[in-house]
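Each remark here refers to the structure printed beneath this line.
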Amino acid sequence: GTYPPGSEWTMIPIPVCNSTDMGWLNPDCPHGFEFPPRGTGLHGLGEAVWAPDVVFFQWTLMDEVEVPDDLEVGEYVLSFRWDNEATPQVWNACSNILIL
């Protein structure tokens, strides 16, 4: 579930390659993708083992947080959780927020 009510999980729209290395060894994805890419070149990990220090992606993904206009002045905690789609990893982070 999600909190607050009405919020939702969001999937990153960039598929990795349909292989055990997810495109790390061959970013051309000869076995296809986990799901159809939404545009040309929008797939993979953004880097490959055979090309260290070469960045294939010339863009980033960014989440935005909407702060309600009627939020009271005070101290808050923002929690972020990223459930990895292709590996059994979960990333968590929190930050302190002060609304003046």
Side-chain angles (χ1 to χ4, degrees):
T2 59
Y3 183 83
S7 62
E8 61 185 38
W9 292 104
T10 303
M11 183 176 83
I12 293 177
I14 310 300
V16 295
C17 299
N18 192 20
S19 63
T20 56
D21 66 40
M22 300 178 294
W24 180 249
L25 299 176
N26 185 350
D28 293 330
C29 301
H31 303 290
F33 311 100
E34 286 193 330
F35 54 87
R38 288 165 169 78
T40 303
L42 296 178
H43 68 273
L45 300 172
E47 59 185 354
V49 70
W50 48 263
D53 300 322
V54 175
V55 178
F56 298 129
F57 293 162
Q58 299 300 312
W59 45 268
T60 62
L61 290 175
M62 178 175 51
D63 283 327
E64 296 181 353
V65 176
E66 290 185 34
V67 178
D69 291 334
D70 59 349
L71 189 64
E72 293 183 22
V73 170
E75 296 178 354
Y76 295 86
V77 175
L78 176 67
S79 174
F80 173 81
R81 174 179 166 156
W82 183 343
D83 291 79
N84 198 321
E85 183 177 340
T87 64
Q89 295 174 315
V90 176
W91 300 86
N92 292 297
C94 292
S95 64
N96 295 321
I97 307 282
L98 176 60
I99 303 289
L100 301 174

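For the single chain, residues carry numbers from 1 onward in sequence order.
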Treat each ILVMFWY residue as a node, draw an edge where side-chain heavy atoms are under 4.5 Å apart, and state whether [X] and [Y] are in one component.
X	Y	answer
Val90	Trp82	no
Val65	Leu71	yes
Leu78	Val67	yes

Tell me, do [X] and [Y] make a side-chain contact under 4.5 Å, heavy atoms counted?
X	Y	value
Leu45	Met22	yes
Trp24	Val49	yes
Leu98	Tyr76	no

query: Donor-acceptor pair, Asn26 side chain versus Asp28 backbone, under 3.5 Å?
result: yes
query: Is a side-chain donor or acceptor of Trp50 paired with a backbone partner of Leu25 at a separation under 3.5 angstrom?
result: yes
Taking all non-hydrogen atoms of both residues into account, name the closest pair between [X] and [Y] and its distance.
X	Y	result
Pro27	Cys17	O-SG, 4.2 Å
Glu34	Pro15	N-CB, 4.3 Å
Ile99	Val73	O-CG1, 3.1 Å
Pro37	His43	CG-CB, 4.3 Å

- request: Take Ile97 and Glu75 through the test side-chain contact (heavy atoms from CB on, under 4.5 Å) and record every step on the way to the result.
  value: CA-CA 6 Å; Ile97 307 282; Glu75 296 178 354; over 6 Å; no
- request: Supply the atom-to-atom distance Ile14 CD1 to Phe33 CZ, rounded to the nearest 0.5 angstrom.
  value: 11.0 Å
- request: Give a yes or no on whether Gln89 atom CD has more than 12 heavy-atom contacts from other residues, nucleotides or ligands under 6.0 Å away.
  value: yes
